[in-house]
Amino acid sequence: LFVSHTGFINNPNAMETKSTPQYFAVSITRLVLLSFFSLGLYGLYWFYKNWEAIRDAQHREISPFLRTLFSILFCYWLFREIFHSAKAAGHESYKYTAELLASFWIILSLILARSWHLPDLLVVILFFIAALVLVPAQQMINHLYTPKNGFLRGEKAGIGITVTAYVLFIGLYIFSV
């Protein structure tokens with residue numbers, strides 16, 4: 001197995017010989033809503049947790065924090081790892097590629113980094129679209145880990161907490177306007 005000086009695997013077939021990371025499994029609804037309401041911070045948490053899973057499973061010397069901080073540079077590599085894991089598990093029928101998701105993430109990140117001069121409604125829409133960019137990758141992760149009952153780990157317990165947080169957030173927003 002040849003690993004370049006950047007820490008990335010140069011042989012795409014070698015991905016299958018490694019142990020599959022325990023990626024961050026979360027419902028699509030939770031991912032989108034928390035990413036949107038936190039103005040992208042939950043999306044960064046999502047990146048961190050998935051890089052942490054890759055580091056732990058593959059015993060790679062990478063920093064999940066730095067790869068999250070510079071997600072604009074490393075998003076393609078994370079999406080690629082997720083796609084390879086899904087393919088190795090037999091999930092090949094996806095209409096998106098790592099390149100496409102990374103392109104959207106990079107473009108939206110660059111626009112949002114300079115969003116202070118954009119209308120507020122446009123910024124809100126862009127944050128929502130940025131949350132949606134993570135959905136195809138999360139669907140692959142969820143296909144890897146969804147048990148027969150249809151709920152992810154801890155999802156039943158977390159639904160009530162998530163709904164309560166959304167209701168409180170929306171209530172605070174309404175009363176602050």
Side-chain angles (χ1 to χ4, degrees), residues 1-28 30-115 126-127 129-147 152-155 158:
L1 179 64
F2 178 74
V3 179
S4 71
H5 69 282
T6 60
F8 298 120
I9 296 177
N10 290 332
N11 178 2
N13 296 327
M15 298 293 282
E16 298 175 18
T17 63
K18 294 178 157 189
S19 63
T20 302
Q22 287 290 324
Y23 293 108
F24 184 56
V26 64
S27 76
I28 301 300
R30 182 181 291 180
L31 174 66
V32 171
L33 291 178
L34 287 178
S35 294
F36 174 70
F37 285 125
S38 68
L39 300 178
L41 291 178
Y42 191 79
L44 293 176
Y45 176 72
W46 181 88
F47 271 96
Y48 178 83
K49 293 301 284 182
N50 285 308
W51 277 121
E52 185 179 57
I54 290 168
R55 180 200 62 201
D56 294 345
Q58 298 175 357
H59 308 291
R60 290 170 58 184
E61 293 185 24
I62 61 173
S63 170
F65 175 76
L66 290 176
R67 291 199 178 202
T68 299
L69 184 63
F70 299 108
S71 64
I72 196 167
L73 301 175
F74 291 103
C75 61
Y76 166 74
W77 301 105
L78 177 62
F79 294 140
R80 190 181 94 159
E81 292 273 352
I82 293 168
F83 276 69
H84 281 292
S85 295
K87 186 176 181 181
H91 302 289
E92 296 187 34
S93 60
Y94 295 105
K95 52 187 165 186
Y96 301 101
T97 63
E99 293 85 359
L100 181 65
L101 294 181
S103 297
F104 279 128
W105 183 262
I106 291 167
I107 291 167
L108 287 167
S109 295
L110 291 173
I111 292 170
L112 287 168
R114 298 187 44 89
S115 64
L126 290 173
F127 270 114
I129 294 170
L132 293 178
V133 168
L134 302 177
V135 168
Q138 189 62 51
Q139 286 174 327
M140 286 183 240
I141 291 170
N142 291 352
H143 284 150
L144 291 171
Y145 302 117
T146 303
L152 300 169
R153 293 186 302 254
E155 190 65 22

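The chain is numbered in sequence order, starting from 1.
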Neighbour count above 12 (heavy atom, 6.0 Å) for F104 CZ: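 Open.
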Does a sphere of radius 6.0 Å around OH in Y76 hold more than 12 heavy atoms from other residues, nucleotides or ligands, not counting ones at 6.0 Å or beyond?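 Counting other residues, nucleotides and ligands, OH of Y76 exceeds 12 neighbours.
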To the nearest 0.5 Å, tell me how far [X] [atom1] sits from [Y] [atom2].
X    : Y    : atom1 : atom2 : value
W51  : Y23  : CH2   : OH    : 8.5 Å
F83  : L78  : CZ    : CG    : 10.5 Å
L31  : N142 : CG    : CG    : 8.5 Å
L66  : S71  : CG    : OG    : 12.0 Å
L112 : I129 : CG    : CD1   : 9.5 Å
T68  : K49  : OG1   : NZ    : 10.5 Å

Chi angles and distances behind the side chain to side chain contact (heavy atoms under 4.5 Å, CB included) call for I106, C75: CA-CA 8 Å; I106 291 167; C75 61; 3.8 Å; yes
Pairing donors with acceptors under 3.5 angstrom, does anything connect the side chains of Q138 and W46? yes
Can you list the steps and then say if M140 with K87 is a side chain to side chain contact (heavy atoms under 4.5 Å, CB included)? CA-CA 9 Å; M140 286 183 240; K87 186 176 181 181; over 6 Å; no
What do the steps show when you test F24 against Y45 for ring pair (Phe, Tyr, Trp, His ring centres under 6.0 Å), and what is the final call? CA-CA 10 Å; F24 184 56; Y45 176 72; 5.4 Å; yes
Take F47 and F65 through the side chain to side chain contact (heavy atoms under 4.5 Å, CB included) test and state the conclusion after the steps. CA-CA 9 Å; F47 271 96; F65 175 76; over 6 Å; no
Ion pair R67/E52, N-O distance below 4.0 Å: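 Salt bridge flag = no for E52 with R67.
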For the pair Y42 and V32, evaluate side chain to side chain contact (heavy atoms under 4.5 Å, CB included) and give the outcome as yes or no after the intermediate values. CA-CA 9 Å; Y42 191 79; V32 171; over 6 Å; no
Locate the shortest heavy-atom distance separating E81 from I54; write the atom from each residue and the value.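 It is CB-CD1, 3.7 Å.
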